[in-house]
Student: 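Next up is a structure, given as structure tokens.
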Amino acid sequence: MESVGKECTQLKHQYEECFNKWYTEKFLKGDHSPDCQDLFNKYRSCVFKTLKERNMLDTIDGARKEIGSGFKPQSE
Amino acid sequence: MVKFYQQTHDYEHPWSRVTVAFWLRYPNPFAAHVLSTDVIDRHVDPNGVLHTTRLILKRGNVPRWARSFMKHNEAFILEQSHIDPATRTMVSVSKNISHKRAMVIEETQTYTVAPTDPNHRTRVKYEVRFLSNLGWGLTSKIESFSQKRFADSSSKSRLGMAYILEKLQEKSKLPGYLFKPPQAA
């Protein structure tokens, strides 16, 4: 599945491959220590760049407050 | 006005596999309207619960009467989920963040082990709330739209999950099985 930013899709796939492995082999087996953080940060920065260009950050921020959890936009 | 619908379904798969399928469910042949998905936030809290926020872009299926309110035929959906392996509970809440003035559609899916066979069967409770401020004589149109939309999205969501679950089950039987996401047809 594509990312919202075409240039982020490859980063997304790299991160997801790492996450899926972590999720099945560690998280579901009770090991909660985080993994894939570098890949996630790279991928997320790319997505936030796209969202900023589309003027989406405020909309997302507002929606997250309604649903409930805290949200810290990262736009670097 | 508010409309509320609810449905329960059992998957003949263990809870852990259903949660894996939840992450892999796009793309699937029953979700051609899903254009992109992105994880925008994810963390494990001190209680060992995984929290994730995803942004999903869908191609809209805007009814003719609503086109003047919804100019773009695409909608962003925010999906927030938490997964607690200790209690074997997964809850996902999603809401459109585009076109909110016309209508807000909030879907909640709760996945727990089925009491009848907790290790092999998973129960999902699917709830949808439609909130609209459009009055002006559109009530019956909104109502029939909501009803149709609920039937359509609940069956597509079920078929999509079932498709991915089957792929996962096939893979798990292979010798030397190592987790790999299934390929959509």
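Sequence lines set the chain letters: A, B, ... in the order given, protein chains first and strands last, and positions in each chain run from 1.
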Student: Do B/Ile83 and B/Val44 belong together in a cluster built from hydrophobic side chains that touch within less than 4.5 Å?
Tutor: yes

Student: If you apply the rule side-chain contact (heavy atoms from CB on, under 4.5 Å), what do you find for B/Leu24 with A/Glu16, and how did you get there?
Tutor: CA-CA 10 Å; B/Leu24 299 174; A/Glu16 281 185 342; over 6 Å; no

Student: Would B/Val34 end up clustered with B/Phe22 when hydrophobic side chains under 4.5 Å apart are linked, directly or stepwise?
Tutor: no

Student: Measure the OH-CD distance between B/Tyr26 and A/Glu2 for me, rounded to the nearest 0.5 Å.
Tutor: 15.5 Å

Student: Quick one: does B/Thr19's side chain get under 4.5 Å of A/Tyr23's, heavy atoms only?
Tutor: yes

Student: Looking at B/Glu12, I want to see if its CD is surrounded by more than 12 non-hydrogen atoms of other residues, nucleotides or ligands under 6.0 Å.
Tutor: yes

Student: Mind checking whether B/Val93 and B/Val49 sit in one hydrophobic cluster, side chains of I, L, V, M, F, W, Y counted as touching below 4.5 Å?
Tutor: no

Student: At what distance, to the nearest 0.5 angstrom, does CH2 of B/Trp15 lie from CG of A/Leu28?
Tutor: 6.0 Å

Student: Can you get from B/Ile105 to B/Phe4 by hopping between Ile, Leu, Val, Met, Phe, Trp and Tyr side chains that sit under 4.5 Å apart?
Tutor: no

Student: Whether the side chain of B/Asp38 engages the backbone of A/Ser3 through a donor-acceptor N/O pair (distance < 3.5 Å, no angle test) should be reported.
Tutor: no

Student: If you round to the nearest 0.5 Å, how far is NZ of A/Lys6 from OG of B/Ser36?
Tutor: 9.0 Å

Student: Does the cation-pi check pass for B/Arg42 over A/Phe19, that is, NZ or CZ under 6.0 Å from the six-membered ring centre and within 45° of its axis?
Tutor: yes

Student: Can you measure from CG (B/Leu35) to CE (A/Met1) and round to the nearest 0.5 angstrom?
Tutor: 7.5 Å

Student: Is there side-chain contact between A/His32 and B/Leu50, with heavy atoms separated by less than 4.5 Å?
Tutor: no

Student: Is it true that B/Val124 and B/Trp23 fall in one hydrophobic cluster, defined by side-chain heavy atoms closer than 4.5 Å?
Tutor: yes

Student: To the closest 0.5 Å, what do you measure between CD1 (A/Ile60) and CD1 (B/Ile97)?
Tutor: 5.0 Å

Student: What residues of residues 7-15 of chain A sit under 4.5 Å from chain B when you count only heavy atoms?
Tutor: A/Lys12, A/Tyr15

Student: Scan B/Leu55, B/Ile40, B/Val39 and name whichever one has a side-chain contact (heavy atoms from CB on, under 4.5 Å) with A/Val47.
Tutor: B/Ile40

